[in-house]
Amino acid sequence: QVQLVESGGGLVQAGGSLRLVCTASGSIFRFNTMAWYRRPPGKQRELVAAITSGGDTSYADSVKGRFTISRDNAKNTAYLQMNSLKPEDTAVYYCNFVPFNSWGQGTQVTVSS
């Protein structure tokens, strides 16, 4: 089984920063790309950022220049550094492998205006 645990969310004022952490365990050796997703209140889950085992990254247009995804392959850990947060970034954030259709609990990010 693949286990994904997200942490680092919280309440932050607009313009502030948060760093999310994702720890993966289990049968993950067959997966290459890790990603962060988010689900805003009342909306569908969307891809935020992705990173390959080689370090290639991609970002949603809405977060480019503000968010940075990284990973530590040895620790099976992914990170999402979120700067210049906006109220529209408010969502439950999830990490996962691509492709994979099982999800952890996510971590809540709330940005106040």
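Not a single donor-acceptor pair under 3.5 Å links the side chain of Asn96 to the backbone N or O of Met34. Although no hydrogens or angles enter the test, the distance criterion places no donor-acceptor pair under 3.5 Å between the side chain of Arg19 and the main chain of Leu80. The closest donor-acceptor contact from the side chain of Thr77 to the backbone of Lys75 lies under 3.5 Å.
Pairs engaging residues 34-61 under the ring pair (Phe, Tyr, Trp, His ring centres under 6.0 Å) rule: Tyr37-Trp103 [sequence neighbours left out]. Within the structure, every pair that satisfies the salt bridge (charged side-chain N to carboxylate O under 4.0 Å, His left out) test and touches residues 79-107, not counting sequence neighbours, is listed here: Arg38-Asp89, Arg66-Asp89.
Under the side-chain contact (heavy atoms from CB on, under 4.5 Å) criterion, Ser17 pairs with Gln81, Asn83, not counting sequence neighbours.
Within the 4.5 Å cutoff, the side chain of Gln1 has no heavy atoms near those of the Ser25 side chain. Contact annotation: the side chain of Cys22 approaches that of Leu4 to within less than 4.5 Å [non-hydrogen atoms, C-beta and beyond]. Val2 has its side chain within reach of Phe100: a pair of non-hydrogen atoms, C-beta onward, lies under 4.5 Å apart. Here the side chains of Gln13 and Val111 are not in contact, with every heavy-atom distance at 4.5 Å or above. For the pair Thr23/Asn76, no side-chain contact is recorded, criterion being any heavy-atom separation below 4.5 Å from C-beta on. At a threshold of 4.5 Å between non-hydrogen side-chain atoms, the residues Thr107 and Val92 do not count as touching.
Thr52 and Asn32 form no side-chain donor-acceptor contact under 3.5 Å, judged by distance and modelled atom types alone.
Shown here is Gln108, whose CD atom has more than 12 heavy atoms of other residues, nucleotides or ligands within 6.0 Å.
In plain terms, the two heavy atoms of Ala91 and Pro41 that are nearest each other are CA-CD, 4.5 Å. Considering every non-hydrogen atom in both Pro99 and Phe31, the closest pair reads O-CE2, 3.5 Å.
The hydrophobic clustering, which links ILVMFWY residues whose side-chain heavy atoms are closer than 4.5 Å, places Val109 and Val5 apart. Hydrophobic clustering, with ILVMFWY side chains joined whenever heavy atoms are under 4.5 angstrom apart, keeps Val48 apart from Tyr79. Put simply, Phe67 and Leu20 are part of the same group of oily side chains (I, L, V, M, F, W, Y) that touch within less than 4.5 Å, one to the next.
Ser58 OG to Lys64 NZ: the interatomic distance, rounded to the nearest 0.5 Å, is 8.5 Å. The CG atom of Leu85 lies 10.0 Å from the OG atom of Ser112; values are rounded to the nearest 0.5 Å. Rounded to the nearest 0.5 Å, atoms CD1 (Ile51) and CZ (Arg71) are 6.5 Å apart.
Note that Arg45 lies in the cation-pi zone of Tyr94, set by a 6.0 Å cut-off to the ring centre and a 45° limit from the axis.
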